[in-house]
Amino acid sequence: MNIGSSLGSLRTELPGSTRDAVRLGTGLMDGFSLFDSPIGEVVVGFNIRGVSFVDLATDFDPDASLRKAVAATPPKGWEAKIDRAIERGRPGDLPVDLRSVTEFQRTVLEVAATIPFGEVRPYGWLADQIGNRGAVRAVGSTMAKNPVPLVIPCHRVVRSDGRIGNYSLGGADNKTALLGREGVDIERLATLAARRVRFLGSDTTHVFCLPTCSHARRISDAHLVELKSAEQGVAAGFRPCKVCRPA
Amino acid sequence: MVMEQLCDRLASDLDSAFDDLVGALGDDVYSGLKRMHGDDAADLTQETFIRAYRALGGYEPQRIKDLRLRGWIWTIALNLGRNHVRDRSRRPQPVELHDVHSIADPEPMDEALWQARLDALPAAQRRAVVLRHVVGLSYAEMSAALGRPEGTVKTDVSRGLTRLKKLIEEEA
């Protein structure tokens, strides 16, 4: 008996499941799992670096996605974090993998991630925040390409003319539903926009805010001042709110 | 694939080349670890490659180009294996009541027999025999992976084979 060749025949192929586990563990492939959301069931993709995509379960096709993805269980402790992120509409302590977007888009998405629950910001505000006032269109297309809607709340970015704007996760109806659930008064925003009112100020504090800022919502009707521009506010002795940074 | 080419590709674009490293060396690592650690081989193989990926991410390109991949990957795998055995002996293993029935794919008789023979070898000889004859490493690669002189490694292999021969004779 040739011991060497007998031993050689003990070679075994690496199981496919182990190879996939390596791809997941290195972030070279995404796993995905189903989660509930306020607008129905969603597929959440993830790898060791973070959550990498969110899509409506009804729209999802694992073979059509840019990167390979397999059904998998999220890393330990992530399920609760994902549930929480979707519920609150912000990443919180959930890591997000934004490798699929450009550096510019990442910067915009990181700012969008800070918009609080129940508030909205115009596209132009985001462009302002990244120090590129002219980039409103690029901001809009970045929202459309947001790989992780719900987790990064692009539904809180709206048009400055009072219309709600598009939404990549199933269209404008879902955007309306999400904002309604957060208590955003969409009709009032449209009414203000129709009258060209952009900011709300208080004649006691002399601070002006974006209409949905939590500080603006606290102003009583008796002290509410409507402003059509930052210049008008400044001329009247107001300063911009440090929380919502309206201008 | 030639290992030097793979090194160059890993050095220039780790993410696009890494899956090919797993493709090139996955069977090697899994086969060897299976003979050394049985059912834990899949987990250990997974961990070996994840650590390799992390390590490569921190290396300068030139260092990656100069790597002897086969010996290097086994340095990681053997280290993990050693720690794994040590941890196991410290921690009592949970009893799995359903274990007997959950084995879906029993090993062919011949394989089980060879495994029993390998298990009968002293650890150093078993490691050496497996790396040389199951995995197919060169003595230079084994020396690098085990951190021992080539002469010592050769001795372990030949003593292991002698012992296997003796075991087989005793079976007859």
Side-chain angles (χ1 to χ4, degrees), chain A residues 1-33 45-53 62-63 65-78 95-103 105-106 147, chain B residues 14-35 41-54 56-57 105 107-108 110-115 117-118 129-136 157 160-169 171-172:
Chain A
M1 176 187 317
N2 183 337
I3 296 183
S5 71
S6 296
L7 287 170
S9 68
L10 292 177
R11 268 186 82 87
T12 342
E13 246 177 62
L14 179 71
S17 58
T18 306
R19 189 157 184 182
D20 281 348
V22 171
R23 289 169 173 151
L24 282 172
T26 50
L28 297 177
M29 183 175 73
D30 292 335
F32 66 83
S33 189
F46 49 82
N47 60 65
I48 203 68
R49 295 166 194 246
V51 162
S52 50
F53 67 83
D63 299 323
S65 47
L66 282 164
R67 283 146 51 84
K68 281 185 132 200
V70 287
T73 311
K76 214 175 161 202
W78 281 29
V96 176
D97 176 12
L98 290 177
R99 279 179 298 164
S100 63
V101 303
T102 66
E103 198 61 42
Q105 291 168 337
R106 180 178 321 193
Chain B
L14 177 61
D15 280 2
S16 75
F18 188 77
D19 199 49
D20 290 334
L21 171 72
V22 184
L25 296 179
D27 292 356
D28 269 21
V29 173
Y30 179 68
S31 303
L33 287 173
K34 191 165 161 68
R35 295 306 143 203
D43 284 350
L44 287 168
T45 304
Q46 176 186 339
E47 190 60 26
T48 297
F49 282 105
I50 289 173
R51 292 212 182 182
Y53 177 80
R54 281 193 210 133
L56 290 171
D105 194 12
E107 289 181 17
D110 200 38
E111 195 182 332
L113 189 60
W114 275 105
Q115 187 62 54
R117 290 169 185 153
L118 285 169
V129 167
V130 166
L131 289 177
R132 177 70 185 155
H133 290 289
V134 179
V135 179
V157 173
L161 288 178
T162 308
R163 198 150 180 146
L164 283 175
K165 231 172 261 169
K166 217 171 138 205
L167 283 168
I168 293 165
E169 282 164 15
E171 287 164 12

**Complete:** For B/W114 and A/L10 the tightest heavy-atom approach is CB-CD1, 3.9 Å
**Message:** Name the residue from A/T18, A/V22, A/T26 that meets the side-chain contact (heavy atoms from CB on, under 4.5 Å) definition with B/F49.
**Reply:** A/V22
Table please: side-chain donor-acceptor pairs of residues 21-31 of chain B below 3.5 Å, with sequence neighbours left out.
| residue | atom | partner | partner atom | Å |
| --- | --- | --- | --- | --- |
| B/D27 | OD1 | A/L14 | N | 2.8 |
| B/D28 | OD1 | A/R11 | NH1 | 2.9 |
| B/D28 | OD1 | A/R11 | NH2 | 2.9 |
| B/D28 | OD2 | B/R70 | NH1 | 2.7 |
| B/S31 | OG | A/T12 | N | 2.8 |
| B/S31 | OG | A/T12 | O | 2.8 |
| B/S31 | OG | B/D27 | O | 2.6 |

**Asked** Just how far is it from atom NE2 of B/H133 to atom OG of A/S6, taken to the nearest 0.5 Å?
**Response** 11.0 Å
**Asked** Taking every heavy-atom pair that is under 4.5 Å apart, which of B/G136, B/G32, B/A42, B/G57 has the most such pairs with chain A?
**Response** B/A42
**Item:** Check against side-chain contact (heavy atoms from CB on, under 4.5 Å), B/R117 and A/I3
**Value:** CA-CA 11 Å; B/R117 290 169 185 153; A/I3 296 183; over 6 Å; no
**Item:** A/R19 (side chain) donor-acceptor with B/D19 (main chain) under 3.5 angstrom
**Value:** yes
**Request:** State the CG-CG distance between B/L164 and A/L7, to the nearest 0.5 angstrom.
**Result:** 6.0 Å
